[in-house]
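Single-structure report; data block below.
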Amino acid sequence: MSILIIAEHDNSQLKPETAKLAGAASKLNSDVHVLIVGDVSDDVVSKAAKLHGVSKVLVASHEVYAHQLAENTADLVVSVAQGYSHVLAAATTTGKNFMPRVAALLDVEQISDITDIAADNTFVRPIYAGNAIATVKSEETIHILTVRTSAFDAVPDDGSADIVQLDTVIPSAHSVFVSASLTESERPELTAADVIISGGRGMQSGDNFSLLEGIADKLGAAIGASRAAVDAGFVPNDMQVGQTGKIVAPQLYIAVGISGAIQHLAGMKDSKVIVAINKDEEAPIFQVADYGLVGDLFDILPQFEQAL
Amino acid sequence: MKILVPVKRVIDYNVKVRVKADESGVDLTNAKMALNPFCEIAVEEAVRLKEKGVANEIVVVSIGDKACQEQLRTALALGADRAVHIEADPQLSSLHVAKLLHKLYEQEAPQLVILGKQSIDSDNNQTGQMLAALTGLPQGTFASEVVIEGNKINVTREVDGGLQTVTLTLPAIVTTDLRLNEPRYASLPNIMKAKRKPMDVKTAAEFGVDLTSKVHVVNVAPPAQRQGGVKVADVAELIAKLKNEAKVIS
Ligand SMILES: Cc1cc2nc3c(=O)[nH]c(=O)nc-3n(C[C@H](O)[C@H](O)[C@H](O)COP(=O)(O)OP(=O)(O)OC[C@H]3O[C@@H](n4cnc5c(N)ncnc54)[C@H](O)[C@@H]3O)c2cc1C
Ligand SMILES: Nc1ncnc2c1ncn2[C@@H]1O[C@H](COP(=O)(O)O)[C@@H](O)[C@H]1O
């Protein structure tokens with residue numbers, strides 16, 4: 001049986017999560033198909049068709065799917081899902097929104113946020129904010145999975161899949177898109193960045209995040225934040241890293257003025273190298289940091305930027 | 001308008017959880033338990049809607065063993081009007097919780113169901129969406145603002161790129177994100193009053209839902225521990241380490 005992955009995209013571009021979903025699917029040693037739901041550019045489709053290991057790309061492109069609302073997206077996925085052994089979506093706010101709906105419509109228990117595939121029916125996932133790692137075995141005949149993409153490698157783009165257009169149009173009657181206010185940034189996305197520098201409550205204000213920007217520019221880094229920094233209104237919500245924000249695993253994560261609460265660690269402790277800058281030498285962040293620098297961030301950050 | 005708020009009893013978010021030595025699960029013996037933080041936000045939102053005159057009745061429900069009545073009392077002290085305890089295994093999967101809630105939804109016929117977006121123990125983030133599917137209702141997940149106008153609800157959602165607003169036709173399902181509101185503390189008089197508010201106890205069997213799970217835990221292990229790192233003296237040493245030892249910057 002084949003595996004279906006649901007493409008992550010923003011209509012104009014295929015997101016890097018999709019290649020990582022294909023990476024996760026490749027562990028299952030079977031034929032992989034991609035389903036694209038949206039109102040998408042040709043570029044999204046042609047990029048998906050190049051993903052290594054993918055033999056077919058199903059495209060449901062219509063304005064009714066432009067905002068990937070959960071209601072009609074789930075109905076569409078269900079109409080396609082029959083006959084697949086596994087359906088995988090990224091554990092992003094999009095995947096988390098429609099996928100449990102798919103699972104319930106299929107009467108299947110979903111397994112959320114998998115970080116490894118141990119066997120066709122056995123999956124690994126963190127629970128309790130990553131303080132425990134559960135391995136679960138499922139007897140379902142179709143596995144509905146959301147995937148923590150930071151835990152999987154992307155496949156290369158050397159493939160050439162067949163493209164099949166779907167003409168199922170499912171309107172969304174009771175749920176209507178009104179508006180979006182999306183953060184525009186020249187920087188890499190948090191979930192795709194190799195380097196992240198994050199600020200916490202210790203930054204004291206949104207203006208002070210400019211101290212991180214100079215460093216981010218030099219390192220090509222994305223900028224993140226703790227919940228406290230978001231709640232205090234220093235920065236927007238989409239910058240939050242943690243159990244209930246974004247889960248990241250960059251090569252280098254620099255935590256500045258962040259104490260290291262378990263909910264924050266849940267989102268970044270799989271980073272390859274962690275640096276902590278904090279004036280409190282007892283801060284829990286130092287227990288996970290490879291390199292800790294004790295001191296006042298307002299002294300350290302300008303020196304750091306200068307030295308790079 | 002009636003609002004239904006499903007709430008879950010979970011380990012307190014401040015407790016450092018430990019995995020049992022036999023790796024069969026997490027050790028909850030004597031652990032401090034609490035209302036799931038997202039459910040607390042859900043209760044608070046319902047109470048605010050009642051205070052604004054939009055809602056007139058708030059029913060809270062929890063599915064679990066007898067102990068979860070403690071969290072239902074907390075929700076009553078925060079301002080819910082009555083509680084339903086559905087006695088069942090506290091470890092039910094989200095699908096089974098959603099199926100029981102679906103049955104209760106049919107009995108209670110609320111205009112709005114507000115759930116937490118996620119339980120902080122299972123970290124599933126499924127139940128609200130599943131309930132929406134089973135009831136065939138529209139959903140507004142990860143809400144940071146809700147506004148009700150007539151038979152519509154506008155939900156502003158926290159999404160990966162920023163914020164998105166959708167309009168749903170009631171009845172609808174909403175799940176809460178952290179910034180929807182800041183929950184109040186229950187006052188002593190309200191805690192006393194809550195003891196006299198009605199609590200209906202039902203068993204899962206009464207609802208005729210098959211609760212056998214197809215997903216089994218093989219084991220629960222502690223996460224890989226990070227090697228303890230080192231403290232560096234200054235910025236120059238930090239940069240040298242990042243370049244030459246970790247080789248993550250050039
Ligand atoms: C259900 C739930 C979910 C949550 N989800 C998340 C989540 O996803 N992500 C998240 O981050 N949090 C989350 N939290 C919140 C979490 O528990 C912490 O409250 C939060 O991470 C603290 O943020 P902080 O480290 O920035 O602030 P604080 O804990 O206040 O730490 C500030 C740090 O800055 C240091 N500092 C201050 N001034 C300076 C200076 N001049 N120079 C150097 N250092 C300085 C201090 O020593 C301190 O260590 C969640 C909480 C709950 C209950
Ligand atoms: N056993 C339960 N009893 C009542 N509500 C629950 C239960 N489990 C989950 N919920 C609700 O569903 C939300 C999301 O939970 P979950 O899908 O398990 O992450 C919670 O915040 C609760 O509102």
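- The candidate with the highest count of non-hydrogen atom pairs below 4.5 Å against chain B, out of A/Q251, A/Q243, A/K246, is A/Q243.
- Considering CD of A/Q263 and CD1 of B/I120, their distance stands at 7.0 Å, rounded to 0.5 Å.
- Judged by distance alone, the side chain of B/K214 and the main-chain N or O of A/V108 form no donor-acceptor pair under 3.5 Å.
- A donor-acceptor contact shorter than 3.5 Å is absent between the side chain of B/Q126 and the backbone of A/A104.
- With chain B as the partner, the residue from A/E281, A/Q306, A/E71 showing the most heavy-atom pairs under 4.5 Å is A/E71.
- If you measure heavy-atom distances from B/S94 to chain A, you find no contacts under 4.5 Å at all.
- Proximity to chain A (any heavy atom under 4.5 Å) is shown, for B/A98, by neither the backbone nor the side chain.
- No side-chain heavy atom of A/Y291 sits under 4.5 Å from any side-chain heavy atom of B/E237.
- Looking at B/P222, only its backbone comes within 4.5 Å of chain A, counting heavy atoms on both sides.
- At a threshold of 4.5 Å between non-hydrogen side-chain atoms, the residues B/V166 and A/V176 do not count as touching.
- Proximity to chain A (any heavy atom under 4.5 Å) is shown, for B/N14, by neither the backbone nor the side chain.
- Note on A/Q303, A/E140, A/H67: by heavy-atom pairs under 4.5 Å with chain B, the leading option is A/E140.
- Remark: B/D160 CG to A/L190 CG distance equals 9.5 Å, nearest 0.5 Å.
- Contact record, A/N131 with B/P223: O-CD, 3.2 Å, taken as the closest heavy-atom pair.
- With a threshold of 4.5 angstrom between heavy atoms, B/F38 approaches chain A through side-chain atoms but not through N, CA, C or O.
- Atom CG of A/N97 sits about 3.5 Å away from atom OG1 of B/T141, to the nearest 0.5 Å.
- If you measure heavy-atom distances from B/S213 to chain A, the contacts under 4.5 Å come from both the backbone and the side chain.
- Neither the backbone nor the side chain of B/I153 comes within contact range of chain A; no heavy atoms are under 4.5 Å apart.
- With a 4.5 Å cut-off on non-hydrogen atoms, B/A224 does not touch chain A at all.
- A donor-acceptor distance shorter than 3.5 angstrom exists from the side chain of B/Q129 to the backbone of A/K96, with no hydrogens or angles considered.
- The pair B/K99-A/D107 meets the salt-bridge criterion, with a side-chain N (NZ, NE, NH1 or NH2) lying under 4.0 Å from an Asp/Glu carboxylate O.
- Counting all heavy atoms, side chain and backbone alike, B/A246 lies closest to A/K272 at O-NZ, 3.9 Å.
- The side-chain heavy atoms of B/V159 and A/N237, taken from C-beta on, include no pair separated by under 4.5 Å.
- Residues A/D290 and B/K241 are not paired through a salt bridge, judged by the lack of any N-O separation under 4.0 Å between the basic side chain and the carboxylate.
- Between B/Y13 and A/I262, the shortest heavy-atom contact is O-CD1, 3.6 Å.
- For B/Q118, the part lying under 4.5 angstrom from a heavy atom of chain A is the side chain only.
- Separation of atoms OG (A/S175) and CG (B/L168) is listed at 5.0 Å; rounding is to 0.5 Å.
- When the candidates A/T244, A/V230, A/I300, A/L252 are compared by the number of heavy-atom contacts under 4.5 Å with chain B, A/T244 comes out ahead.
- Residue B/V26 touches chain A through its side chain alone, counting heavy-atom pairs closer than 4.5 Å.
- Note that CG of B/N124 and CZ of A/R125 are 5.0 Å apart. Values are rounded to the nearest 0.5 Å.
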Next item on the list: Could you go through the side-chain contact (heavy atoms from CB on, under 4.5 Å) check for B/R179 and A/R227 one step at a time?
Entry: CA-CA 10 Å; B/R179 278 165 288 274; A/R227 174 184 170 191; 4.0 Å; yes
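- When atom types are taken as modelled, the side chain of B/D123 and the backbone of A/A129 share a donor-acceptor pair closer than 3.5 angstrom.
- Heavy-atom minimum distance, B/I239 versus A/F304: CG1-CE1, 3.5 Å.
- When heavy atoms are compared at a cutoff of 4.5 Å, B/L163 approaches chain A by way of both its backbone and its side chain.
- Proximity of a side-chain donor or acceptor of B/R226 to a complementary backbone N or O of A/V288 within less than 3.5 Å is detected.
- Residue contact with chain A, scored on non-hydrogen atoms closer than 4.5 Å, involves the side chain of B/V19 exclusively.
- Shortest non-hydrogen contact noted between A/L293 and B/V232 is CD1-O, 3.4 Å.
- When heavy atoms are compared at a cutoff of 4.5 Å, B/R18 does not approach chain A at all.
- The OG1 atom of A/T93 sits 9.0 Å away from the NZ atom of B/K117 when rounded to the nearest 0.5 Å.
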